[in-house]
Amino acid sequence: MLQRPKPTDSEADLLREQEQFLTSGATSAANVVRRPDKRRGETGGDGREHNRENEGRKRDVVTIEDLPDQLPSLTPAPPKKSRFKANRVTFDDDAEERLDKHDTHISAVLSRIVERDTSSTPVSLPTFTGMAFPKVLHRSETSSQVPLSSAGGKKSIFARHIAAQRLKEGKTPLYCAPEAAQTPELREKNLSPDASMDTDQRDAAASPTVSGSRLVSGQGLGGPYSSGEIMRIHVENQAKLEAMSQSEIIEEQRKLLTQLDPRLVDFVRSRKAKSVLSSASPSKQPKAKSSKENVPSESVRRESDSSSTTEPFQKLHEEEIEAEREEEEELPLLSAVTEEGLPVKRQKEWVHMDKLEPEKLEWMRDLPAPKKKGTKKAMQARFDFAGGLIPPTEDLPTHLGLHHHGEEPERAGYSLQELFLLSRSQVIQQRTLALSTLANILSKARAGEYQSVLTGSVMSTLLDAGLLFLLRFALDDSVEGVMSTAVHALKALLVCAEDEECLDCTFSWFHGIASFPLLPSAQEEEGDEDEGQDETMKEAAKEKEARKSDHDVARQDTVKGLLQMKLLPRLRYILEVVQPAPGAVHDILEVLIRISRHSSSSATQVLDCPRLMETVMSNFLPNSWTAASSPLTQSVYGVPLASAMKLLRVVATSGRHACARLLNSLGVSERLSCLLSAEPSELLLEPTEALRITTEAYRLWAVAAGYGQACKLYIHLYPALVKALQSVHRELAPSDPLLSLQLQRILALLSLLTQVTHTAGCHQELQAGMVSSQGEECPPPPPVSWGHVTGLQALLLGHLKGLVKSLDNPVQKDHSLVLIPAYLIYLEAYYYQLSKQSCFKPVDTLQELEQLTSDILLPIISHSVVQSLIKNLKSSSVVCNGPSSQLRPDTIPSLPGLACAGWRAHLGLVVSSSPFPLLTGLGLLLETITGIHKGLSCKVTGLLLSEPVIGYLRSCSQATPTLSQTRAWLLRHEHHLLYLLLQLAHKLVPIEPEVAKHASLYHQVALVLLTWLLPGSEYLAHEMLSTIIFSKDFIPEGHSGGPEAVELGELKLHEEIQHHPSPSLQAVGTLLREACVQLPSIRGCFLTHLAYLESSVLVSRDALLCCNPWINSHLLPELTGPTLPSDWPFLPLVSLYERTGVSDGGGLAVEQLPPGALQAVTHCLQWLLLLEIWREEALRVIPPVAKLARLSCVFLCSSDLFLEKPVQKLTWGLFRLLTRRSRLDSLDLNVPPPGLASFQDLYSALLAQYEAVSFGDRLFGCWVLLPLQRRYSATMRLAVFGEHESMLRSLGVTLEQLCIPIERFTSPPEDSLPLLRLYFRSLVTGALKLCWCPVLYVVALSHVNSFIFSQDAAAQVLRNHLLLFRLPHQNSATGFEMYEQLPPIRAKRLESVLGLRDSSDDKGD
């Protein structure tokens, strides 16, 4: 057998294989053929076989059998082939596509190049003239040229000139057909008589013919007579149509339309419409008018006939597509372009302009009206230059510049793909326009304007398409305009101006300086994965992170990806070298602010970037500057900018070391002194910019004072501060257009004074600590002492009194409500620090506080304006209302934000109608002064008992707020208010009976708030656990007949199910009374198990109590979730299981429990029992399956813990509560519990532990039986009857001891055949007996009985086989013989069994 050559064969091998092939005489796979040359008049067909050898010598054309016409696809998957494609009717395609399809390689062209045979062509000599040289032919001399039609087609100007000379001489060109032999139609179309076709005119003597088919193109025929074959098919079709009646045609049309694709029908109709348009265009040859005068009327008549026959076509088509889309509006048919319709008349001197080409002039037409596309199909979004979404049906004028030669030229606007393409254009204006449009689209997407009209996220789509890299490349452009536009687009992507406004508004609130880092959640997950790893693993993880590409980093964290792309050095270059326009400068500063808010490491990178902060300081925060010569200044260089000062403030918030570098190394202290030593009107700046920059300067100073820094500056600028305070009332004119900026400036000043007061209050403690530290590390005392701040209290107190009086003035009440909270927070700082000073005078202070309460606090609480404001408490709450259903911004995981777009338009914590800042400041001051003066608590009971506050607390106790980055910063402030209200209730419940009536409500709110507290609020959680959570005063059920009521309820339940006495009906009241007595011990147990939060509690305490010298950063911890887990009541039990339940080898440990473990488990179970009975709503956030999984640790912790008497009693009580009828329906074991992969894994561990150490314990047995209910997965039942069949001997729980209805185990009948087989096997083999395992015996018996005696047809056949079986028989169809009727011995046995059953029933009756 011949073998194919291999790539490794040598030349000798190839020659040897060639010789073997020639000697074998086998036929070759390739044949040499010669294609007929049509230009020589050669035809294929019969002569092809005869001349094959000669043709092979003349042309060397190689063809291979079964070689496809098209080149194979380069994609991995080969193109699909259809068996019906060869027989399918095809339509005419473009000539250029056909050429590209067949001539796909240069060899195909070279193989067809044949020299023309000119042996038989006559040679005509040029005519003789009297001129020495031929006359030069000018293009303008066209009168002597032969017209194009008579010249025989497309001829050059020289050929036409020669033809004209021959006509003058009476000679006919040899290549032209004789004039008499040509018909007028042929002259018009420049066709030879042999190639002509029949026209549309009908000859009376001849058969009717037509010009040709509009649909049949003959593509694929490939032969020389393909045109004739096409015509023959067309004539045959036409004859059949004429032989059919009108009804038959309509019927055939209807059949076709039911089989064809509607899109194919639309295509056919469009081709017909185009052919009608082309046939209706006027002729350019005036000579042909006379010969074709009857053609238009004929064509019109045929068109009318065809339109009449297509009426049912149209009707059926509409019915078919009615369910998919709306009917497209019929557009008027556009007439073809004519010479009269040209805007410019052509001249005869224009070269190659003598022929009108309508298809090339189509683009000069007016655009058609936009079509109304299908309503159920998504359409490509198009935007205008302002970023607005253009509706697909809107017809905009073309002068707006929104139309272009894209995919949909009739639709205005640019798609995102087209904008991306335009942004990389070589034309500067196009790049700028594309980037500007993308910036506008990003701004609107951040505002959430596209969510209701677009599917998907615009931000995610743009970032996935590579927007980040596009903008980064654009920043490297050499054109300033492109760089500025790219910076603006980057700002639109990163920065939300309304987010910054909200953060600025809450700066003066309690703990408003602090904020969460804007880190994506992916970073937090990676951080969690790193926990528990050794240093080597962490270093490997860091190396892996460093090897990540820019794309991978940017996909997880946009800001981190930009930093890895060296964004900061490029921005520094633009600021320092390019020095762009003011708008670009502001955009760059805002981008830097957003990067600094990302994390402390990002802020450090901004600070460490070479020459970046120096450029900002020298250009936008100079020590001296001159007034602008004109208000329309073209540069902001050399002038102080508020955004530059804000950048310093945000960088300083990241840490005390960064703040110290700014103050000392970069000269920020000098800038603050320069800006704040004078009035804003004296700064040689615009009034708006002067107020903004002084406001930011106060805020930066407040941040520095929050670290105990920049205190010397307070001493130096004390006169300027007093002067600013004295001018507060003068600056609050209601008619001032800059009133809002004035208010922000005063609030920033009050925040500064509050922080300085806290710092000064720590001076004495630090001074004493430094003396007693004896070499230990201790912060140095600040330069400012308590004596430096005491003089401002009287001035600010007078301001507050004036603001309270101005509440009666409708014009001034709004700005008074804005300022009062800041004054209250300052007074709280003053009195809190005063109580720790050595100069504290209790008697004088108590009198002062009483006067403060009667003159200021009580009037504020009882004022009608404040009362109306408090009514908005519930509507403004974030906890009670959940996510807003209004317009929400487009946020993405890799670029988190605060989602504050449109915050002024709806209720919330930050708007002016919100009572939260006022109530927070009021509650903070009340907590401090009631701690100093205990008697003042009774005077403010009205605030806690007001109907809006009680209604708000009830709503909070039933709310389940969702935690996200967009809501965390607001939830933190609301948590502060709830904590302050609960602390006030803690002081009033023991002494005020009216307040004590709502103690259960306060306790419920405290329990739910404990699981809501966010990172940074660990101190609040510690305080609530220490005071309210385990307080007897907040559990009134424990001393008001609560245990007795529970006992009565259990007694009533016992009477209802007295035929099922259960050991779970313990004296629950006794257990509850004992739990109430042990509340202090329970509190100590939980505080001990929460000791791992000690360091976080200390950091949180320093921040919330404003121990400024100990604060390291005003940036809160990363938002990884609440401070405490939602299942914190199970914490002692779970921690004990983690320590002792599982050994290193993976097996179960049964060693002795650690000291105090029994007491800790007992306290945990007591607390759980108390919560399950009296605070059930507080535990609803824990799924029932999670409760069951956590309580299972009682059996898995040790071999004998569950046998201890207190643990046994408490666990029985909890099991009784979990298996109540209302709870069983909500217990879904098919859902994996939080923290576990599946409940089946935990159940397998329980079964193994039961076999090992249960000793037949009834409680453990009930716990094992609970998951075996019929509604749960059969996997657990298979595990019991398959892998752990031996436990059936010791599972002696009786039906009376099981507090779960037996119907839940037996109904519906079992449908798992493997499980039924195991049931039957255990019953037959005796592994399952009634005396050993009563419950599962009944279950197995019930399911087997239901299977055997079911009414199913298969079961009936099985029953007959069992009763009538006789003997095995090999030749039988079933393999055994059957009795025709039941044998007497079997019948007697059945009668005896049934008789015994009947007699037992009679005895029972």
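Since the model is a prediction, treat every value here as computed from it, not as a measurement. The first residue of the sequence shown is numbered 1, and numbering continues consecutively from there.
- In this structure, the side chains of C1107 and R1101 stay at 4.5 Å or more apart for every pair of heavy atoms.
- Smallest separation of non-hydrogen atoms from S508 and I825: O-CD1, 3.7 Å.
- Interatomic distance, OG of S515 versus CG of L503, reported as 6.5 Å (0.5 Å rounding).
- Here the side chain of Q709 pairs a donor or acceptor atom with the backbone of R656 at under 3.5 angstrom.
- Between L1007 and W1128, some side-chain heavy-atom pair lies under the 4.5 Å cut-off.
- At a threshold of 4.5 Å between non-hydrogen side-chain atoms, the residues W786 and V789 count as touching.
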Side-chain donor-acceptor pairs under 3.5 Å in residues 792-804, sequence neighbours left out?
unit_1, atom_1, unit_2, atom_2, d
Q793, NE2, Y831, OH, 3.1
Q793, NE2, E848, OE2, 3.2
H799, ND1, Y823, OH, 3.2
H799, NE2, L725, O, 3.3

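- Residue pairs that meet the side chain to side chain donor-acceptor pair (under 3.5 Å) test with at least one member in residues 1003-1016, sequence neighbours left out, are H1003-R1175.
- With hydrogens and angles ignored, the 3.5 Å screen pairs no side-chain donor or acceptor of S955 with any backbone N or O of C880.
- Counting non-hydrogen atoms of neighbouring residues, nucleotides and ligands closer than 6.0 angstrom, the NZ atom of K987 exceeds 12 such neighbours.
- A distance-only check finds a donor-acceptor pair linking the side chain of N872 to the backbone of S913 [under 3.5 Å].
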Report task. Could you walk me through whether L713 and S673 pass side chain to side chain contact (heavy atoms under 4.5 Å, CB included), step by step? Result -> CA-CA 7 Å; L713 194 61; S673 178; 3.9 Å; yes
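- With rounding to the nearest 0.5 angstrom, the OG atom of S677 is 10.5 Å from the CG atom of L672.
- Here the straight-line distance linking atom CG of D855 with atom OG1 of T853 works out to 9.0 Å at 0.5 Å rounding.
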Query - Check against side chain to side chain contact (heavy atoms under 4.5 Å, CB included), Y1019 and L1105 - result: CA-CA 10 Å; Y1019 175 72; L1105 298 183; 3.9 Å; yes
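- Shown here are the ring pair (Phe, Tyr, Trp, His ring centres under 6.0 Å) partners of F507, two or more places apart in sequence or in another chain: there are none.
- A side-chain donor-acceptor contact under 3.5 Å links H788 to the backbone of S785.
- Shortest non-hydrogen contact noted between E974 and V878 is OE1-N, 2.9 Å.
- Counting non-hydrogen atoms of other residues, nucleotides and ligands closer than 6.0 Å to NZ of K934 gives a total of 12 or fewer.
- Residues forming a salt bridge (Lys or Arg N to Asp or Glu O under 4.0 Å) with E992 (at least two apart in sequence, or on another chain): none.
- Interatomic distance, L741 CG to T694 OG1, rounded to the nearest 0.5 Å: 9.0 Å.
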Requested in this report: Would you check, one step at a time, whether the test side chain to side chain contact (heavy atoms under 4.5 Å, CB included) holds for S1100 with L1020?
Outcome: CA-CA 8 Å; S1100 175; L1020 303 183; 5.8 Å; no
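- Here the side chains of C674 and R671 are not in contact, with every heavy-atom distance at 4.5 Å or above.
- When all heavy atoms are compared, the tightest approach of I1028 to A1006 is CG2-CB, 3.8 Å.
- Heavy-atom minimum distance, A985 versus Y1002: CB-CD1, 3.7 Å.
- The salt bridge (Lys or Arg N to Asp or Glu O under 4.0 Å) search around E1018 returns none, not counting sequence neighbours.
- For C762 against Q833, the heavy-atom pair with the smallest separation is N-OE1, 4.2 Å.
- Annotation: W509 is in aromatic contact with H973 [ring centroid separation under 6.0 Å].
- Taking the six-membered ring for Trp and thresholds of 30 and 60 degrees, F1034 and H986 have nearly parallel ring planes, at less than 30 degrees apart.
- Residue H657 qualifies as open at atom NE2: its count of foreign heavy atoms under 6.0 Å is 12 or below.
- Using a 4.5 Å heavy-atom threshold, the side chains of F516 and R972 count as touching.
- Residue L852 holds its CG atom at 4.5 Å from CG of L857, rounded to the nearest 0.5 Å.
- Under the side-chain hydrogen bond (donor to acceptor under 3.5 Å, both in side chains) criterion, E501 pairs with R904, sequence neighbours left out.
- In this view, H1114 and Y707 satisfy the ring pair (Phe, Tyr, Trp, His ring centres under 6.0 Å) rule, not counting sequence neighbours.
- Between H758 and T754 the shortest side-chain heavy-atom distance falls below 4.5 Å.
- By the salt bridge (Lys or Arg N to Asp or Glu O under 4.0 Å) test, D504 pairs with K646, R649, R699, sequence neighbours left out.
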Which pairs of donor and acceptor atoms, one on a side chain in residues 858-869, lie under 3.5 Å apart (sequence neighbours left out)?
unit_1, atom_1, unit_2, atom_2, d
S862, OG, L858, O, 2.8
H863, ND1, V865, N, 3.1
H863, NE2, D808, OD1, 2.6
Q867, NE2, I861, O, 2.5
S868, OG, S864, O, 3.2
S868, OG, V865, O, 2.7

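- Listed here is the closest heavy atom pair of T845 and F840: OG1-CE1, 3.3 Å.
- Distance alone, capped at 3.5 Å, is enough to place a donor-acceptor pair between the S727 side chain and the K723 backbone.
- Using a 4.5 Å heavy-atom threshold, the side chains of P1109 and L766 count as touching.
- The main-chain N or O of P782 is found under 3.5 Å from a side-chain atom of H763 such that the two form a donor-acceptor pair.
- Under the 4.5 Å side-chain criterion, counting only non-hydrogen atoms from C-beta, V1099 is not in contact with N1112.
- To the nearest 0.5 Å, the span separating OG on S1017 from CD on E1023 amounts to 12.5 Å.
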**Report entry** side-chain hydrogen bond (donor to acceptor under 3.5 Å, both in side chains) between T759 and N1108, worked out
**Finding:** CA-CA 6 Å; T759 302; N1108 293 343; 2.9 Å; yes
Report task. Carefully, step by step, assess V1097 and L1090 under the rule side chain to side chain contact (heavy atoms under 4.5 Å, CB included). Result -> CA-CA 10 Å; V1097 170; L1090 291 172; over 6 Å; no
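- For K997, the side-chain hydrogen bond (donor to acceptor under 3.5 Å, both in side chains) partners two or more places apart in sequence, or in a different chain, are E994.
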Identify all side-chain donor-acceptor contacts of residues 939-950 below 3.5 Å with residues at least two apart in sequence or on another chain.
unit_1, atom_1, unit_2, atom_2, d
T941, OG1, C938, O, 3.4
S946, OG, L943, O, 3.0

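- Formation of a donor-acceptor pair under 3.5 Å by the S876 side chain with backbone atoms of S914 is not found in this model.
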Please output the side-chain donor-acceptor pairs of residues 814-822 that fall under 3.5 Å, not counting sequence neighbours, one pair per line with the distance.
unit_1, atom_1, unit_2, atom_2, d
H815, ND1, Q812, O, 3.4
S816, OG, S806, OG, 2.5
S816, OG, Q812, O, 2.8

